[in-house]
Amino acid sequence: MSGGGGPVVGRLSVVGVGPAGPEWITPEVAARLEAATDLVGYGPYLERIAGPHHRVHASDNREELARAMHALDMAAEGRDVVVVSGGDPGVFAMAAAIFEALEGAQAQRWAGVEVDVTPGVSAMQAAAARLGAPLGNDFCVISLSDNLKPWSLIQRRVRLAAEADFAMAFYNPISRARPWQLGEALGIVREAQGPDTLVMLATAVGRGEREDVQISTLGEVDPTMANMSTLVIVGAASTRVLERPSGRRHVYTPRYVESAESR
Ligand code: SAH
């Protein structure tokens, strides 16, 4: 979708490598990685995917804007750069950081860089699939990290989403610097939706033995069981547990909403 403007001098793709191993990398992303000369991203992701022909530019997980600018500079030199995000690159990840840089004061020097985004499997999709279909009806997605937005806004979004009876997926639920936010967010939902509301902690989904998926309720959940690799799903009023004859439990949200449930 290029058109207008000057000549293209380099290329930058932002790709998502999914939340775990290579089986959740799409063929389109794999082809894009294969063609690249340079990979940019968080070190542990790059280790999983770099080949011998790649120049690897690993960086810390927090310096997204600096990483975006560095990637654009290499593309402007004519290199074929792929910026790697976990999950989907558009969900709390590098794609938005690239566009922030392209709107910044230094954007002119990247005028000839063609930018595109290639989707990946996001953690909420992997976690939901493990559970069954908890996001089978309307849901909303909130990052609980207050690094880039005020906590008061997160509180308001969680409260209004709970009042509107959305199922919810919480990314970045907890970290060493932010040990209390998840408990507070779940408390807000509990106030609106009640203690029997289902809540699921899906940790390290797809990462072998580290994977752990818990089904609980807002009345019983222990938020300290979550860590930085946990995706939290809070059910809507209609979200339920289906126990199969084998004993296996699935969580799902039906596609319909009973009129008694819609307030
Ligand atoms: N772009 C990523 C999200 C980056 S934010 C995506 O689309 O998935 C990082 C957060 O993603 C983590 O704090 C956690 O909430 C979630 N996450 C990433 N990988 C995960 C996994 N394998 N299992 C559970 N949650 C995961």
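Since the structure is predicted, the reported quantities are computational estimates derived from the model, not experimental observations. Order of appearance sets the numbers: ligands from 1, and atoms from 1 within every ligand.
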Determine whether V9 and V40 fall in the same hydrophobic cluster, where Ile, Leu, Val, Met, Phe, Trp and Tyr are linked whenever their side-chain heavy atoms lie under 4.5 Å apart.
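Result: no, two separate clusters.
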Heavy-atom side-chain proximity of E28 to V15 below 4.5 angstrom:
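No, their side chains stay 4.5 Å or more apart.
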Those atoms of ligand 1 less than 4.0 Å from some heavy atom in [X]:
X    : value
T230 : 14 (C), 15 (O), 25 (N)
S122 : 6 (C), 7 (O), 8 (O)
P173 : 13 (O), 15 (O)
M228 : 12 (C), 13 (O), 14 (C)

Can you tell which of V205, T203, N227, V121 gets a heavy atom nearest to atom 21 (C) of ligand 1?
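Result: the heavy atom closest to atom 21 (C) of ligand 1 is in V205.
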Within the 4.0 Å heavy-atom cut-off, what A202 brings close to ligand 1 is backbone
Of the backbone atoms (N, CA, C, O) and the side-chain heavy atoms from C-beta on, which set of A93 has a member under 4.0 Å from an atom of ligand 1: side chain, backbone, both, or neither?
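Looking at A93 and ligand 1, just side chain atoms fall under 4.0 Å.
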With Y171 as reference, evaluate V232, L144, V91 under the side chain to side chain contact (heavy atoms under 4.5 Å, CB included) test and give the passing residue.
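The passing option is V91.
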Qualifying residue for side chain to side chain contact (heavy atoms under 4.5 Å, CB included) with V234, from T239, L186, V221
L186
Is there at least one pair of N or O atoms, one from N172 and one from ligand 1, spaced under 3.5 Å apart?
yes
Check ring-ring contact (aromatic ring centres under 6.0 Å, His included) between F139 and all other residues, then give those that pass, not counting sequence neighbours.
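Here no residue qualifies.
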For ligand 1, is there an atom lying under 4.0 Å from some heavy atom of G206?
no
Which pairs of donor and acceptor atoms, one on a side chain in residues 76-83, lie under 3.5 Å apart (sequence neighbours left out)?
from : atom 1 : to  : atom 2 : distance (Å)
R79  : NE     : D38 : OD1    : 2.5
R79  : NE     : D38 : OD2    : 3.3
R79  : NH2    : D38 : OD1    : 3.0
D80  : OD1    : R32 : NH1    : 3.4
D80  : OD1    : R32 : NH2    : 2.5

